[in-house]
Asks: 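What follows is a single structure, and I will ask about it in a moment.
Every value quoted in this text rests on a predicted model; they were computed, and no experiment measured them. Just so it is clear, the values below take in all heavy atoms, side chains as well, and ignore hydrogens, waters and symmetry mates. The sequence lines fix the lettering, A, B, ..., with proteins before strands; numbering per chain opens at 1.
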Amino acid sequence: MAKKKDIDFEPSNTKIKIGASDYIVRGFGYVLITLYSLACVFPFLIILGTSFTDETYIRTHGVQLIPVEFSTKGYDMVIGSGNIWKSYGLTIAMTLIGTTLGLLIIAMTGYALQRKDFPLRNVISFYIYFTSLFSAGLAPYYLLMAKTYKLLDNYLAVLLPLMMSPWLIILMKNFIKQIPHEITESGKIDGAGDMTVFIHLILPMIKPALATIGLFLALGYWNEWYQSSLFLTTKVAVKPLQYTLYEVVNKLDALRNSVAGQFVTLTDIPEQSVKMANAVLATGPIVLLYPFVQKYFIGGITVGAVKG
Amino acid sequence: MKKKLLAALLTVSMVIGLAACGSSGSSAGTGSAPESSGNDSGASANEAAAEIDTSEHVVINYLTTGDPPEAGTEKEANLNEMLGELNKILTEKCNAEIQIYYIPWTDYLSNYNLTLARMDGSVDLIGTASDWLDAWPNAKNGAFLELSEDMLKTYAPKTWESVPADHWDLCKYNGEIYLMPEDNFAQWTNHGWIYRLDWAKEAGLENGVHSWEDMSKYVLWVKENKKDLKYVWDSDGTEYAQMANGWIASHTDFVAIDGICSGALWGGTKSDLYKVTTPVMTETDSLVEYAKLMKEWSQAGIWPTDVLNNTSGSNRDEFRVGQVGVEQHHTQTWTDLCSATAQNTIYKDDPKAETGFFYFGEETKNVVALSITHGAMAVSAGSANPERALMVYDLIRNDKDCYMLFNYGIEGKSWEIDENGLRKTPDSYNPDTENINGMTNYWWGRNDDLEVKDATRNWDAIDKLYAEYDKIKIDYPYGQFVPEVDSIQAKIDNCNEQYTNYMKQISYGIYNGSAEDIVAEMQAALKSAGIDDVTAELQKQFDELYK
Amino acid sequence: MSKSKKTSSETGIRKRGILETIWRYRVLELMCLPAVLFFFMFSYMPMPGIYVAFVKYNYRKGIFGSKFIGLDNFKFLAESGKLFDLTKNTILYNLAFILLGNFLAILVAILLNEMRSKMFKKVSQTLMFLPYFISQVLVGLLVYSLLNYDTGFVNEILLALGKAKWQPYSNPSVWPVLIVLIHLWQQTGYNSVVYFAAICGIDAEIIEAAKVDGANAFQRIRYIILPSLKPTIVILLLFALGGIVRGNFGLFWNVIGSNSVLYPTTDIIETFVYRATMSDFNFSTASAVGFYQSLVGFVIVMLANLAVKKIDPDYSLF
């Protein structure tokens, strides 16, 4: 359906006269977005450059855009143990499972909550939203997870809490709200139940919403280090990717700013090039996710598509 | 209806939440049962140690701060090989084995406390410290088991004997022993300036640096004459407190009380130990002088201009390779930097290179030995096997074989004895993977009776300094003082906050206006943060304890 | 439909009405059930534990067995004399983040939508995501490498141009601007996705029709795109308001760190609490501060939601 839309979209575009205003907006757009993109990529190139620079050179000359004294020692150190590949595997698995499950639940909830005839919609919306305002703080949450639920050293402690958030549910609800209520009603007239309407009529129409929220969920899983730092003790051999990065990059800083820093001397201080190499590796394939997701943004929710 | 439903849901969650927390709380209570275990051991105390029931094999988890070796690496394999050997001995002697439970450095304070708060028996032995690892707050909040004399006599007899009674007194809170101190290990963590002695001589300081005036001459000379250095001191902006403490130590006979806050705000004086003073409020002239001197250093460019945000360097490593001329840290670090180890390439590059140490308080002979609870072992109140934990600790602290394994690794593999009876590393030794000491992080019961001196250290220089310390040092006088700070904690935190904020600017000479103004401003801020109330309260508690 | 429901509850057969309604919407209720359970387990279950903010927490006695000490845990924040300034800083920064952040995100999304080159869109949007992946520690390091007085890039350039050096790290007044810029740099790419998706959700035929009617680009943006983004903007704002007294600790801590010279303009609640409790770690203080932040956020959101409901009930959160 989206394909068909694409096809008749392009030619119709050429039929219409492009006015001066379009050129102004586009010209402004190209300039601004190019500048911003450069500002985004530049620091990343510095990280990349430094990650390939010799440590002694970094020490005297600071971070580098182009490695003057080339070295892959940073990468050798990170990859050396081979554990990084297991971390990749774990993170990818968690991202896939968590995003799929989360997306399904969020979409179902979002659909139910936007139904104007659903009497509980405000209660449940508030019930969900309220949790974004109040939290008990670290200790109660930690004790509940670790002792009552016994999730210590269990990957579920990382997988579950990231599966949904009030923000994503309400966002989904808002997206689905744009679909006219008539679609649900037409489905019902045909004798379909709510679940059937949701799966066969609604889901195919909210691809941009699923793509957006799926992207956010996936990024959440990919960047996760906090739950891991709380619940995965050193008994767990394979940790999520970003947690390892977080450890390497933060430990010196954490120690230096603490009382212990006055007494304790680290024997294996992570070098700048190692930190940078870690950052490069941890970003890795996820940057390629966006172009993949983007194709679902084209087409979008259209009443016309339904009518046709 | 909405409200009712919501209320109902909330109530249910409250009840379940309460029940969950309640039950966990009570199970922890019965599990640890400090009183009953005390009685048990009391009953068995007089019986021979041989009758201790060790029929069940148990695993003792030893909690330490630090990063574990990465799983699947050679480093981990080496650690496990050592633990295998050690556990054979432990199994034979007390039918137990030891496992290391690491708290990684990132967020260590929060994770350390969360782990203790769990009280689920997942840790048994807990490395702790009164000055940097919350030993007393955790003793107070119930994380540590009360160790009765009988228990110690029965299960950790060697430790009990080797620690003198007055040292046990320093490990008590409310009359109960909570900590087993590292009290027989010579280490000096008093701070000072580490500098290049050969350069100091070039600068005309024939005998090296022995005062702040000498130091000033040294740094300014190095700045002028060693142009190819990165900086004289590539400081990262965190040494402000030690510098300030150092200045005070070098100009007064102030002795700070440990563990109240990160700044050494409160203490006594050597001439009147139990009168609480606050040099930051009383030593105005001296502080103004200090502020002026630091401004001079700052303007001369001794350290980076934006020193407080400089996290890009690593001064100690730069010192090792001769890129800087100063390091500010403690004696223990100097013992490393002054020795011609593989890492310290300055000695290879320049045969004349020498590293000196100007310790804070040298001018006034004001040196205080480390508190014996700077490193200590505690037993978790949640431990299912506190008796066996004590037995294991007794062995790794006092049994020669266990001690060597746990501290140095397997003899012949990770270390060996050289012709002088010193400890050296075999030729095959790889410092990245075989540094057992850097993996067990055993800082809670090292023992000089069993220590073997490291052959790579520059013992001539070190022994000379230690002998000098021994002549002038006083023991840490406030070991028994565990202040009750509940009522004044808010004021302490706020004083500390004000102090550190101003001291960063003063110590790095980056304040605006005159030295007199900034010191006066700091004192006013401390006054309004309630420093006098804290002083008065501490004095009251001092009087109760020492009079 | 809603009208008939109202009358049925008014006529007094409420009980049967409710049960009937619950049964009638059983499928929708079941669809919500996983989420309801989820928030019950991970958000409501720990909530009673907020009691820890009012006790002197003893690990052995547990949170609910510990001694109740009332508001003592809130004391240090109140006594610091900085509560007002810290709250003010936190709120002002967040306001700047929310307002400018959403403005830029919308601008970027609209401009992207006008682009015709698919390649350009893909590449630029991918690049815009990069800052989001850079850990805050490295952000701090990069900012220092850029701005420091002795060797920073900016100063090298100024020097090469024969200009005087700039010393931002000892000048508190420039940091509000810098911090906001850093935040925008890091978040705009990410935030624009929501708006971009929302624009994609607009019925293409409406835009087509507008074009045929001769609407120029500005008119299309003003009369079609912006109005259709309104619901998204409103919920984004309502969510952001709930956290308006919660600061972005990672950003401030890593960029400003321990530079007390800059605190007058850059200290937020989180950084202050972190420093103050560094040597006196306890869970109760942290929970107390969190509770204070929640309460203020709650009040603000309730008022905002009420206002939104008055103006257009469709847009309100609940």
Side-chain angles (χ1 to χ4, degrees), chain A residues 12 16 19 21-22 25-26 29 33 37 39-41 43-44 62-63 105 108-109 112 115 117-119 122 124-126 128-129 131-134 136-141 144 161 164 167 169-170 174 178 193-195 208 212 249-250 253 259 279 283 287 290-291 294 297 300-304, chain C residues 1 21 25 27-28 31-32 34-35 38-39 42-43 45-47 49-50 52 63 111 114-115 122 124-131 133 135 137-138 142 145 151 185 193-194 196-197 200-201 203-205 208 211-212 216-218 231-232 235 239 242 279 283 286-287 290 294 297-298 317-318:
Chain A
S12 74
I16 292 158
S21 64
D22 294 72
V25 170
R26 271 182 222 174
I33 288 176
S37 300
C40 290
V41 79
F44 204 78
V63 294
I105 299 175
M108 281 196 313
T109 317
R115 282 272 297 265
D117 57 329
F118 182 39
N122 272 339
I124 297 179
S125 292
F126 184 79
I128 291 172
Y129 176 71
T131 63
S132 77
L133 293 174
F134 281 91
L138 183 58
Y141 176 66
L144 182 82
M164 59 195 92
W167 155 240
I169 291 178
I170 306 288
N174 251 41
Q178 294 173 29
D194 287 319
M195 201 64 192
T212 313
V249 173
N250 284 275
D253 217 43
V259 194
T283 309
V287 294
Y290 188 74
Q294 204 195 29
F297 288 159
I301 305 163
T302 54
V303 188
Chain C
M1 189 181 260
T21 321
Y25 291 100
V27 179
L28 291 182
M31 286 170 98
C32 292
F38 174 90
F39 289 104
F42 295 109
S43 300
M45 280 289 286
M47 232 177 251
I50 200 134
V52 76
I63 292 173
L111 290 175
E114 296 292 322
M115 306 281 110
K122 268 191 186 163
S124 63
Q125 276 195 289
T126 304
L127 295 183
M128 279 182 219
F129 258 99
L130 283 176
F133 290 100
S135 108
V137 181
L138 294 185
L142 290 171
S145 309
T151 55
W185 164 75
V193 172
V194 180
F196 190 65
C200 290
D203 190 344
E205 285 182 2
E208 287 292 280
K211 280 184 185 170
V212 172
N216 68 27
F218 299 122
T232 313
I235 60 157
F239 263 88
S279 55
F283 299 112
S287 281
S294 297
F298 181 71
L317 276 172
F318 34 82

Asks: Could you tell me which non-hydrogen atom of Thr131(A) sits nearest to which non-hydrogen atom of Met47(C), and how far apart they are?
Replies: CA-CE, 4.5 Å
Asks: Identify which part of Ser135(C) has an atom lying under 4.5 Å from any heavy atom of chain A, answering side chain, backbone, both or neither.
Replies: side chain
Asks: Among Ile124(A), Asn174(A), Val41(A), Ile105(A), which has the most heavy-atom pairs under 4.5 Å with chain C?
Replies: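 Of the candidates given, the most pairs with chain C belong to Asn174(A).
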Asks: Could you measure the distance from the CG atom of Leu138(C) to the CZ atom of Phe133(C)? Nearest 0.5 Å is fine.
Replies: 14.0 Å
Asks: Could you look at Ala197(C) and say if it's the side chain, the backbone, both or neither that has a heavy atom under 4.5 Å from chain A?
Replies: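 Backbone plus side chain of Ala197(C), per the 4.5 Å heavy-atom cut-off to chain A.
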Asks: Side chain, backbone, both or neither: which part of Tyr129(A) has a non-hydrogen atom closer than 4.5 Å to chain C?
Replies: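 The side chain, not the backbone.
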Asks: Counting only heavy atoms closer than 4.5 Å, note whether Val52(C) contacts chain A via side chain, backbone, both or neither.
Replies: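 For Val52(C), the contact with chain A is made by the side chain alone.
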Asks: Looking at every non-hydrogen atom in both residues, tell me the closest pair between Gly49(C) and Ala136(A) and how far apart they are.
Replies: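 The pair with the smallest heavy-atom distance is C-CB, 4.2 Å.
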Asks: Looking only at heavy atoms, what is the nearest atom pair of Phe38(C) and Pro161(A), with distance?
Replies: CZ-O, 3.7 Å
Asks: Output the option from Phe298(C), Phe39(C), Phe129(C) having the highest count of non-hydrogen pairs under 4.5 Å with chain A.
Replies: Phe39(C)
Asks: Quick one: which of Val287(A), Thr283(A), Ile33(A) has the most heavy-atom pairs under 4.5 Å with chain C, could you say?
Replies: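 Answer, by heavy-atom pair count under 4.5 Å with chain C: Ile33(A).
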Asks: For Met115(C) and Arg26(A), which heavy atoms make the closest approach, and how far apart are they?
Replies: CE-O, 3.7 Å
Asks: List the atom of Cys40(A), the atom of Leu127(C), and the distance in Å for their closest heavy-atom pair.
Replies: CB-O, 3.3 Å
Asks: So which heavy atom on Leu28(C) is nearest to which on Asp194(A), and how close?
Replies: CG-OD2, 3.8 Å
Asks: Out of Leu133(A), Val25(A), Thr109(A), Ile170(A), return the one with the most heavy atom pairs under 4.5 angstrom to chain C.
Replies: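 Sorted descending by pairs with chain C, the first entry is Leu133(A).
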Asks: Select, from Phe196(C), Trp185(C), Phe218(C), Phe42(C), the one with the greatest count of heavy-atom pairs under 4.5 Å involving chain A.
Replies: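 Looking at each of Phe196(C), Trp185(C), Phe218(C), Phe42(C) in turn, Trp185(C) comes out on top.
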